[in-house]
Structure formats: C-alpha cells, structure tokens
Amino acid sequence: MSIPDQQRGEERHSRSNKVKVRNVIRRKGHSHLNITPNISTHSDNSRSENNRNGSMSSEKKVARRATQHDVSRPAMAVLHAAGRRSMRKSRRKGKSRRTAKGARLYKQGYTRGYNEGVRQGQSSFGLVFEGVSIIIPTYNQREYVLQCVSSIEKHTPAPFEIIVVDNASKDGTAEAMLRKGGMVRVAALDQNRGFAGGVNHGLMMARGRHIIVLNNDTLVTPGWLDNMMTCLASDPKIGVVGPVTNYIGGDQQIQVPYREVEEMWSFAATHNRPDADKHRITDRLVGFCWLFSRELLERVGYLDEGYAVGNFEDDDWIIRVKLAGYQLAVAGDAFIHHFGSVSMKALGEQDFAVVNKDNEQFYSQKWGDPHALVAETCRLARQQTSGTPSGQQEDGDTNPMDPRQRISTQGSQDPALQFRHSYDFYPEGSFLSDAKGDVYTLTGGRRRKLNIPVPRGISPVQVAKPDLLAIPAGEALISAGELHGWPRESQQVHTTAVHGSHNSWAEGSIVATVDAPEIRYQISGDKRRRFVSVYAAERWGVHSGHIISVSADQLNSMEEGWPIIAPPQLLNPDL
C-alpha cells in the first residue's frame with residue numbers, strides 16, 4: 001500500500017473511532033444503562049497491540065478516556081444497589097419528615113376540634129329539644145334491647161333520641177349498640193348500678209322536653225307514643241302516663257288473644273286506635289314504661305339508688321310524684337308488648353327472692369305507710385289552697401272546673417296547680433352538699449352557700465345537683481356568726497320563743513311525745529313538721545340525743561306543715 005493510501009486508511013479508521021467515542025459519550029450522558037457492550041468489554045489484546053505499536057494515536061487516547069468512565073457489570077450492580085439504598089434512605093427521611101408534620105397537623109386539628117366541642121357543649125348545656133328522650137337501662141340482654149330499639153325506630157315518627165345505659169354487660173351489648181349508631185346514644189357503665197342507677201344516668205344525659213323510661217324487654221307498637229302524649233296533655237294535673245300491656249302487675253295488664261309475638265302486631269294495630277275514653281286516672285304505675293315531662297323531673301328528682309338491682313324503686317319514685325301533687329294516668333289506647341322481668345328472672349329464683357325481700361323492707365322502713373302519707377299531704381295542700389285552718393273540714397267543691405280548661409302548669413296562677421318541689425319536704429336549717437363537695441344550708445326556703453368551713457359535728461347530706469339548683473339562691477354565708485349548726489343536741493337547745501308563737505321551742509328543735517318517741521317532728525315557722533319515718537330522721541342526722549320530750553297537747557296545738565322525707569341515695573358521683 002502506498003504511503004498516501006495508508007494515511008487515508010488511518011484517517012478513515014481515526015474518523016470511525018471518533019464517531020464511536022462521540023456515540024459512547026452521548027449515550028453515557030443520557031444513561032449509563034445505554035452503554036454499548038463492545039465498548040465496555042475491551043480486551044487486554046487491544047492494549048497489547050497498542051503497546052507493540054509503541055505509541056497511541058490521540059484518537060485512541062480520547063477513546064480510552066471515554067471508556068475509563070465505564071465499569072464492568074458487577075461494579076455497575078454495586079453502584080445500582082448503593083443508589084437504591086441512598087434513594088430509600090432519602091425517601092425514609094422524607095417520609096419521616098412528612099409523618100412528623102402530619103402528626104403535628106393532626107394534633108393541632110384534634111386540639112382545635114376538641115376545644116370547639118367543649119365550647120359548643122358548654123354553650124348548649126341545659127338546652128333541650130322538642131322531642132322525647134327514651135331511656136333504656138339494660139344488663140346482659142343484648143338481643144332483647146336490639147329488638148326494643150328496632151321497634152322504636154320503626155314505630156316512632158315523633159322526634160326522639162334513644163339512650164341505652166349498659167350496666168357493665170358481658171354479652172357485648174354496648175358494642176352492638178355503638179355499631180347501630182343513628183339516634184342511639186350509649187352509656188357503658190363500669191359497674192352494674194341496677195335499674196335505679198341506670199335510669200338516673202340516662203336521666204342525666206336526657207335532652208328531650210319529655211322523657212320515657214322503658215324496660216329493655218319490651219316492643220313498642222304503632223301509635224304508642226302519640227296516644228300516650230295525648231293522654232299526658234289532656235290534663236295538666238297528670239304527671240306520669242303509662243301504657244297497657246300483656247304482662248305486668250296492677251291494672252295496666254290486659255287480656256290479649258295472641259300467643260306468639262308474630263301475632264301481636266295485628267292485635268296492637270287494632271288496639272292502638274286513638275280513643276280518649278280509654279284514658280283513666282290510677283294510683284300506681286309500674287316502671288316498665290313511664291312518660292313524663294322534664295318539668296316533673298326537675299321537681300321530683302332522681303330515683304333512689306338504695307334499692308339493690310331492681311324492684312320497689314319505681315314505687316318509691318311514684319310516691320314522690322304524688323307528694324309533689326301530680327296524678328297518674330293509664331293510656332288504655334297505647335299497648336306495648338312486655339316479655340316480662342327478663343333481667344330479674346336471670347338472677348334465679350332464690351336470688352330474686354332475696355333481692356325482692358330486702359328492697360321491700362327498705363321501702364317500708366323509708367316510708368312507713370306511704371298511702372296515708374300521700375292522703376295527708378293532699379289534705380294539707382287543699383287546706384293551704386282554701387285557707388281552711390288545720391283541723392276544720394273543707395266544704396265540697398260544688399262547681400268543679402273541667403280539668404281540660406286549665407292552663408299549663410308553667411306560670412299558672414291557679415293554686416291547685418302549684419306543684420311542690422322535693423326541697424319542700426327537706427328540714428329547715430339542714431346542710432346539703434353536691435357531689436363536688438360544695439355545701440349549702442337551707443334557710444327560709446333558700447339555699448345559702450357556705451364560704452366558710454363546715455361547723456364541727458355537721459355531716460352534710462348529699463343531694464343531686466338538679467335538686468340544689470331548683471332551690472332559690474340566697475346570699476352566701478361568709479361569717480361563722482351567721483351559721484347555726486343543725487340538728488343540735490337537746491341540752492344545747494335554749495328555750496326561746498319562736499317569733500309569733502305561744503310555744504317556747506327554738507326554731508329547728510326536734511321534738512316528740514313521751515308516748516311516741518319514734519314519731520319525731522321539727523319545729524319550723526311555728527309549725528310542726530313530721531319526719532315520715534325513723535329512717536328519714538336518721539338520713540338528716542337526727543338521733544335520740546336531739547329529741548326534746550313534749551306533751552301531746554303542746555304538739556297538737558301547733559299547725560301542721562309539710563312532712564319531712566328522706567332524700568334519695570345517690571351512688572353515682574356524676575349526678
């Protein structure tokens with residue numbers, strides 16, 4: 001080959017290598033995954049050949065430098081792995097930063113939402129809605145309460161809320177109710193507080209203008225609530241209404257033609273046709289289903305939790321309703337099905353008998369003769385209305401007013417509709433406390449808060465917060481000189497004439513006759529007020545050391561005032 005031809009060949013070879021190098025560099029800049037295999041796999045033979053030639057052209061040097069940027073496949077895999085670890089680490093750092101930021105934002109949002117909920121709760125506290133709060137206490141009766149709630153949802157068109165109070169059931173009742181949602185509110189108690197405790201917790205939660213207490217083993221039927229509401233509204237003297245049923249004690253039980261629950265619905269649809277002629281006044285309403293107003297609750301207060309498990313707490317509350325001046329009624333056109341004492345039967349026959357006997361004894365110990373007490377209180381109310389002096393007979397009402405013409409009890413000027421509060425039956429000078437420990441003294445029908453230490457030897461009686469708030473507020477006591485301990489030992493009582501009285505007993509004195517020392521009275525406002533039982537006196541801290549013996553003639557010469565009853569026991573600190 002001639003020298004020129006050889007030079008031209010070398011030039012062509014050089015240009016070819018330059019093109020290859022440019023392609024390698026271009027592809028290398030784009031992605032190392034696109035490196036051509038023939039470049040990345042130069043052999044040692046090439047290097048030996050270059051060495052034999054003794055020198056390397058500039059083009060080959062450029063190509064060599066380009067190939068030095070490349071790596072073998074194992075080295076490339078290591079670089080890939082390192083890159084992935086670096087990327088994952090970067091991602092984890094980014095994710096960690098995002099997670100921390102998200103947690104901060106969540107906490108800030110939660111705090112704002114919580115504070116807003118508290119604010120709205122405080123602003124709406126005490127507000128009621130124009131509907132009915134249906135309270136259902138239950139214990140280990142999940143299937144029954146589920147059926148009961150479903151029947152309410154299906155057959156109650158009026159505005160309502162359902163409050164299920166679960167007495168620490170073990171059968172998943174609370175969880176089942178929470179899953180149900182809707183208009184159902186659930187209170188899952190940490191211990192079994194019995195029927196009275198469960199109802200009281202529900203009463204505390206209730207927001208409706210009217211309230212229903214309902215057994216968990218019932219099924220409501222079409223028209224049940226409308227007909228009961230009509231009965232309640234028919235006479236302002238009616239305080240509590242109950243329906244009729246297939247299984248209960250007293251005159252609320254009726255004969256039914258069905259044997260199976262499936263047959264009950266057609267019977268109820270026919271029976272529940274509105275009929276005011278089926279509404280009647282009664283002396284007793286069993287607590288399997290009550291309808292009453294919030295106003296009545298504020299006057300009468302909570303159920304007595306001194307009754308274990310159940311039984312007689314409903315009779316106790318009804319006595320207090322009647323003492324407040326209300327009547328009871330049965331809506332005969334409102335039928336609901338009652339399976340019948342399911343929770344009580346679950347105790348077993350022996351345990352049920354023990355509970356029933358204990359509660360009956362407590363009821364008798366607390367009230368003595370409750371029917372005579374109610375009759376006497378009604379007589380005193382009529383005397384105060386008519387102005388008839390004590391001991392004189394009233395003339396019959398020759399022209400009674402139709403009850404349907406009476407106006408609402410709220411703001412009424414009709415003396416016959418001036419219902420009484422629970423505190424009207426509390427002793428003068430007594431010391432009251434709420435669950436928070438605030439102490440008040442009851443003086444002249446007003447509550448006066450103690451802003452000084454409680455006197456030595458005084459044990460305030462705890463009453464529910466609504467009971468305290470119902471008492472008109474007086475000036476707080478800030479000086480020990482204004483405070484007089486009550487009750488006082490008989491030897492500490494100075495014989496001081498009561499203002500305007502011909503007797504010589506100090507205000508607040510505890511007296512009894514020699515012949516009947518167990519019948520105790522308080523002297524208050526020139527009147528004698530009888531403690532309805534020894535238990536009632538003891539609940540207010542009165543014992544034999546406080547009693548002053550008087551003659552029967554001295555005692556009977558005084559006008560009689562409202563009786564003094566025992567306040568209900570409240571075991572729930574939230575009431």
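Here, residue 1 is the first one in the sequence, and each next residue gets the next number.
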Inset, instruction - Using the six-membered ring wherever Trp is involved, compare the ring planes of Y114 and Y110 and label them parallel, tilted or perpendicular (cut-offs 30° and 60°). - result: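 Taking Y110 first and then Y114, their aromatic rings lie parallel (interplane angle under 30°).
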Is [X] reaching over with its side chain to a backbone N or O of [Y], donor-acceptor style, under 3.5 angstrom?
| X | Y | value |
| --- | --- | --- |
| S293 | L296 | yes |
| Q253 | D251 | no |
| R284 | D315 | no |
| T221 | I336 | no |
| S364 | Q361 | no |
| D217 | G340 | yes |
| R529 | W562 | yes |
| N200 | Y302 | no |
| R320 | V300 | yes |
| R142 | S169 | no |

Legend entry - Check against salt bridge (Lys or Arg N to Asp or Glu O under 4.0 Å), R299 and E295: CA-CA 6 Å; R299 291 180 179 273; E295 181 189 358; 3.6 Å; yes
Inset, instruction - Please collect all salt bridge (charged side-chain N to carboxylate O under 4.0 Å, His left out) contacts where either partner lies in residues 459-470, sequence neighbours excluded, each pair once. - result: D434-K465
Legend entry - salt bridge (charged side-chain N to carboxylate O under 4.0 Å, His left out): pairs with one or both residues in residues 356-373, sequence neighbours excluded: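 For residues 356-373: D304-K366, D316-K366.
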Shortest non-hydrogen separation from [X] to [Y] and the atoms involved:
| X | Y | result |
| --- | --- | --- |
| P243 | A334 | CB-O, 3.1 Å |
| L450 | T441 | CD1-N, 3.8 Å |
| A473 | R446 | O-NH1, 3.1 Å |
| L219 | C148 | CD2-N, 4.2 Å |
| C231 | A331 | CB-CB, 4.0 Å |
| V286 | G249 | CG2-O, 3.6 Å |

Legend entry - Pair F267 + F335: ring centers closer than 6.0 Å: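 Judged by ring-centre distance (under 6.0 Å), F267 and F335 do meet the cut-off.
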Inset, instruction - Measure from the ring center of F362 to the ring center of Y535 and say whether it is less than 6.0 Å. - result: yes
Do [X] and [Y] have side-chain heavy atoms sitting under 4.5 Å apart?
| X | Y | answer |
| --- | --- | --- |
| F288 | Y247 | no |
| W290 | L285 | yes |
| E305 | L575 | yes |
| I163 | I136 | no |
| E560 | Q383 | no |
| P274 | T230 | no |
| C289 | T218 | no |
| F425 | T377 | yes |

When rounded to the nearest 0.5 angstrom, what distance separates [atom1] in [X] from [atom2] in [Y]?
| X | Y | atom1 | atom2 | value |
| --- | --- | --- | --- | --- |
| N192 | T138 | CG | OG1 | 10.0 Å |
| R447 | L442 | CZ | CG | 10.5 Å |
| R273 | D275 | CZ | CG | 11.0 Å |
| L291 | I212 | CG | CD1 | 5.0 Å |
| S533 | R520 | OG | CZ | 9.5 Å |
| N246 | R259 | CG | CZ | 13.0 Å |

Considering residues at least two apart in sequence or located in another chain, which fulfil the ring-ring contact (aromatic ring centres under 6.0 Å, His included) criterion with [X]?
| X | result |
| --- | --- |
| F531 | none |
| H337 | Y258, F339 |
| F160 | none |

With sequence neighbours excluded, tell me which residues meet side chain to side chain contact (heavy atoms under 4.5 Å, CB included) with [X].
| X | result |
| --- | --- |
| S433 | V439, P460, Q462 |
| A470 | H421, Y423 |
| P567 | Y426, V461, V463, R539, W540 |

Legend entry - Evaluation steps, side-chain contact (heavy atoms from CB on, under 4.5 Å), between L303 and V213: CA-CA 11 Å; L303 278 67; V213 174; over 6 Å; no
Would you list the atom pairs, donor with acceptor, under 3.5 Å between side chains in residues 176-185 and any protein atom, with sequence neighbours excluded?
residue	atom	partner	partner atom	Å
R185	NH1	E161	OE1	2.9
R185	NH1	E161	OE2	3.4
R185	NH1	M205	O	3.1

Inset, instruction - With side-chain contact (heavy atoms from CB on, under 4.5 Å) as the test, would you mind laying out the steps for R207 and V128 before giving the verdict? - result: CA-CA 5 Å; R207 298 179 299 191; V128 299; 5.5 Å; no
Legend entry - side-chain contact (heavy atoms from CB on, under 4.5 Å) between H210 and L232, intermediate numbers included: CA-CA 10 Å; H210 290 87; L232 183 66; 3.6 Å; yes
Legend entry - Side chains of H279 and D333, donor plus acceptor under 3.5 Å: yes
Inset, instruction - Test E428 against T443 for side-chain contact (heavy atoms from CB on, under 4.5 Å), laying out the working first. - result: CA-CA 6 Å; E428 178 73 12; T443 307; 3.9 Å; yes
Residues forming a side-chain hydrogen bond (donor to acceptor under 3.5 Å, both in side chains) with [X], sequence neighbours excluded:
| X | result |
| --- | --- |
| W317 | none |
| S430 | none |
| D171 | T173 |

